[in-house]
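Accompanying notes for the structure given below.
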Amino acid sequence: MFNVEKVRLAGADIELPRMIPIEQRFAADAVEDLEAAIRCQVAEHDRNQPVSGKRIAITAGSRGVTRIDRIVATLVDALIGCGAKPFVVPTMGSHGGGTAEGQRQVLAEYGITEESIGAPIVSSMETVVVAELDDGTPVHFDAEAAQADSVIVLGRVKPHTDFRGTHESGLAKMLAIGLGKHRGATTLHAHGMAAFDTLIPAVAEAMLGVVPIEFGMAVVENAYEHVARIELVPTAKLLEREAELLVEAKQLMPRLLMSDIDVLVVDEIGKDISGTGMDPNITGRAQVNTDKFHAVPIKRLVVLGLTEHTNGNACGLGLADVTTQRCVDQIEFGSFYTNSLTAGLPDSARIPMALANDRDAIVAALHMSRGPAERPAKVVRIRNTLSMPRIEVSEAYAQEVADHPDMVTLGEPHDWDFDATGTLQPLPAAR
């Protein structure tokens, strides 16, 4: 740990700016009755392609999809109502420490248990090879799902955190990485992330040619973490439609609306927030393909802690400039290193300078962001890169907020609220 007294001495002449609560406004269209939308679409599918008697595997991943427990439970119930025999398989590559029980636990933390969804959860890291790409790369597939009569690929379509392409995070990636389990994820990551823009759709297409996919269920969220669209995608149109939905998802995603930032303070990062802990589409900081993520310029970035649901996996922490000892103490190095080793990205497992507490970390970042000319510091604080509508900005942004059509002041400027240990209370979630 850094010497606290020396850190305070280095930033002794720095006063933390007062912060203003503001709202960033984004497109807010959302599905009004999520359960009804799922049931209606499943019933329509069943009329055209009956599922009665089929044992159907449903994918459930590790990303923080809003209301994922209700989506899975409703999908299960709708299928049972049509006479099917659904079960859930964890589809998260190497997440959950790369173990069957760890992946079951990840789902439980999202409220997905056998009791809550009314169907079995069959978790295994075993795979079977169902195809080969032209270069000989084996295509791994969850062994339990392979024994089902068909598979429903459920997933959120959104921009990926490490590459750009027609298919990023979504149904194709659930097929290629999620259902590939640890072995399949490791095999594909060996090609390097730069190849994923063509590799992911190629693997998905190979699977679609040999695995009975019942349909895809695509979720698109808006900036308020509400479901903007949930769509049953026919197997024959799965890749084509996902590419269209990705365009929509990019238009709906949140962002930081200010012109530039001296210090961005992020309360928490985690695998449930983003594949890299915090979304580079927002921060501009990525592990690879750094030239493809264009965001507001940020001089210094501070991460204060980890989310509960990341289970100690601090993937992406190395993209920050400063963190806290509290954050480092939360790391479970088994899952942290397993994830980074699988992805072949050592930078994601690096740890920035860790200060004694939240206050010291923010002061240190301010100290390192100062230029030769004295001016009010431009500081932005967010809870995480999913909770973007309600944030805090320093007084230096007062006029910029007033002039911007999509930013609104919510209250008066206030001092930072540190407790006796120098720790901040987290900003409220934006749900």
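Remember, it's a predicted structure, so these values are computed and weren't measured experimentally.
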Q: Please examine the side chains of P234 and F215, heavy atoms only from C-beta on, and report whether any two atoms are closer than 4.5 Å.
A: no

Q | Under-4.0 Å salt bridge between D267 and R381 | A | yes

Q: Apply the side chain to side chain contact (heavy atoms under 4.5 Å, CB included) test between P86 and each candidate in L79, D77, I152; give the one that qualifies.
A: L79

(Q) Looking at T235 and I213, would you say the former's side chain and the latter's main chain have a donor-acceptor pair under 3.5 Å? (A) yes

(Q) Just verifying a value: how many Å separate M407 CE and L256 CG, rounded to the nearest 0.5 Å? (A) 9.5 Å

Q: Evaluate side chain to side chain donor-acceptor pair (under 3.5 Å) for N311 paired with E109, printing each intermediate quantity in order.
A: CA-CA 10 Å; N311 294 311; E109 291 172 0; 3.0 Å; yes

Q. Does the pair D149/R55 count as a salt bridge with the N-to-O cut at 4.0 Å?
A. no

**Q.** Nearest heavy atoms of A377 and A396, plus distance in Å
**A.** O-CB, 3.5 Å

Q. Under the 3.5 angstrom rule, does the side chain of D142 hit a backbone N or O of L179 as a donor-acceptor pair?
A. no

Q) Nearest heavy-atom pair of V328 and I351: which atoms, and what distance? A) CG2-CG2, 3.9 Å

Q: Would you confirm whether the ring centroid of H189 sits within less than 6.0 angstrom of the ring centroid of F196?
A: yes

(Q) Please report the interatomic distance CG(L264) to OG1(T283), rounded to the nearest 0.5 Å. (A) 7.5 Å

Q.
If we ignore hydrogens and angles and just use 3.5 Å, is the side chain of Q103 paired with the main-chain N or O of G61 as donor and acceptor?
A. no

Q: Using a 4.5 Å cut-off on heavy atoms from C-beta on, say whether the side chain of Y397 contacts that of V380.
A: yes

Q: Answer yes when D279 and R285 have at least one side-chain N-carboxylate O distance shorter than 4.0 Å, and no when they do not.
A: no

Q. Has the side chain of T276 got a donor or acceptor atom that lies under 3.5 Å from a matching backbone atom of G316?
A. no

**Q.** Residue pair F141 / T127, side-chain heavy-atom distance below 4.5 Å
**A.** no

(Q) I'd like to know if the side chain of S394 and the backbone of V379 have a donor-acceptor N/O pair within less than 3.5 Å. (A) yes

Q | Expected output: side-chain T113 to main-chain A108 donor-acceptor under 3.5 Å | A | no

Q: Using modelled atom types only, decide if a donor and an acceptor are shared between the side chain of T91 and the backbone of A60 within a distance under 3.5 Å.
A: yes

Q. E242 and T166: side-chain contact (heavy atoms from CB on, under 4.5 Å), yes or no, with the steps?
A. CA-CA 8 Å; E242 181 186 342; T166 56; over 6 Å; no

Q: Tell me, yes or no, whether the heavy-atom count around R241 atom CZ, taken from other residues, nucleotides or ligands under 6.0 Å, exceeds 12.
A: yes

Q) Mind checking whether Q325 and L355 have side chains closer than 4.5 Å, heavy atoms only? A) no

**Q.** Residues, nucleotides or ligands: over 12 heavy atoms within 6.0 Å of D134 CG
**A.** no

Q.
For the CG atom of L239 and the CD atom of E244, what is their distance to the nearest 0.5 Å?
A. 11.5 Å

**Q.** From N384 atom CG to L304 atom CG, the distance as rounded to the nearest 0.5 Å
**A.** 12.0 Å

Q) Out of curiosity, R229 CZ to R156 CZ, how far, rounded to the nearest 0.5 Å? A) 14.5 Å

Q | salt_bridge(D321, R300) N-O dist < 4.0 Å | A | yes

Q: Report the C-alpha distance between D260 and K378 in whole Å, list the side-chain angles of each, state the deciding distance to 0.1 Å, and finish with yes or no for salt bridge (charged side-chain N to carboxylate O under 4.0 Å, His left out).
A: CA-CA 8 Å; D260 63 298; K378 292 184 172 183; 2.9 Å; yes

Q.
If you define the side chain from C-beta out and look only at heavy atoms, does anything of L107 sit under 4.5 Å from M92?
A. yes

Q: Could you tell me how the ring of F163 sits relative to the ring of H160: parallel (under 30°), tilted (30 to 60°) or perpendicular (over 60°)?
A: tilted

Q. Can you find a pair of side-chain heavy atoms, one from I261 and one from V393, that are under 4.5 Å apart?
A. no

Q.
Are the side chains of L154 and I71 in contact, using a 4.5 Å heavy-atom criterion?
A. yes

Q: Inspect the surroundings of NZ in K85 and state if more than 12 heavy atoms from other residues, nucleotides or ligands are less than 6.0 Å away.
A: no

(Q) Run the side chain to side chain donor-acceptor pair (under 3.5 Å) test on H191 and T137 for me, step by step, so that the C-alpha distance in whole Å, both residues' side-chain angles and the decisive distance to 0.1 Å come before the verdict. (A) CA-CA 10 Å; H191 288 259; T137 298; 2.9 Å; yes

Q: Kindly determine whether W416 and R359 satisfy side-chain contact (heavy atoms from CB on, under 4.5 Å), including the steps that lead there.
A: CA-CA 9 Å; W416 295 77; R359 186 187 187 283; over 6 Å; no

Q) Which residues satisfy the side chain to side chain donor-acceptor pair (under 3.5 Å) test with T423, sequence neighbours excluded? A) T421

Q) Is the CG atom of D29 crowded by more than 12 outside heavy atoms at less than 6.0 Å? A) no

Q: Give a yes or no on whether the backbone of G270 and the side-chain of T310 come within a donor-acceptor separation of less than 3.5 Å.
A: no

Q. Can you list the steps and then say if E35 with R67 is a salt bridge (charged side-chain N to carboxylate O under 4.0 Å, His left out)?
A. CA-CA 10 Å; E35 287 81 0; R67 298 183 67 187; 3.0 Å; yes

Q) At their closest point, which heavy atom of H140 faces which heavy atom of G184, and how far apart are they? A) CB-CA, 3.8 Å

**Q.** Candidate pair E214 and K54, rule salt bridge (charged side-chain N to carboxylate O under 4.0 Å, His left out), full reasoning
**A.** CA-CA 10 Å; E214 190 70 37; K54 285 187 177 182; 2.9 Å; yes

Q.
Apply side-chain contact (heavy atoms from CB on, under 4.5 Å) to residues L133 and V139 and explain how you reach the verdict.
A. CA-CA 7 Å; L133 301 185; V139 175; 4.1 Å; yes

Q) Under 3.5 Å, side chain of E114 to main-chain N/O of A119, donor-acceptor pair present? A) no

(Q) Quick one, S259 with E400, criterion side chain to side chain donor-acceptor pair (under 3.5 Å). Give me CA distance, side-chain angles, the key distance, then yes/no. (A) CA-CA 8 Å; S259 56; E400 187 172 343; 3.3 Å; yes

Q. Any Lys/Arg nitrogen of E240 or K237 sitting under 4.0 Å from an Asp/Glu carboxylate oxygen of the other?
A. no

Q: Indicate the ring-plane relationship of F333 and F336, choosing parallel, tilted or perpendicular according to the 30° and 60° boundaries.
A: tilted

**Q.** Side chains of Q24 and H404, donor plus acceptor under 3.5 Å
**A.** no

Q | Charged N-O contact under 4.0 Å between K173 and E168 | A | no

Q. Would you say the side chain of I273 lies within less than 4.5 Å of the side chain of I269, judging by non-hydrogen atoms?
A. no

(Q) Rounded to the nearest 0.5 Å, what separates atom CD1 in I382 from atom CD1 in I282? (A) 6.5 Å

Q) So, does S387 use its side chain to make a donor-acceptor pair with the main chain of R383 at under 3.5 Å? A) no

Q: Show your working on side-chain contact (heavy atoms from CB on, under 4.5 Å) between N357 and T324 and close with a plain yes or no.
A: CA-CA 5 Å; N357 55 47; T324 65; over 6 Å; no

Q: Look at E221 together with K158 and state whether they make a salt bridge at an N to O cut-off of under 4.0 Å.
A: no

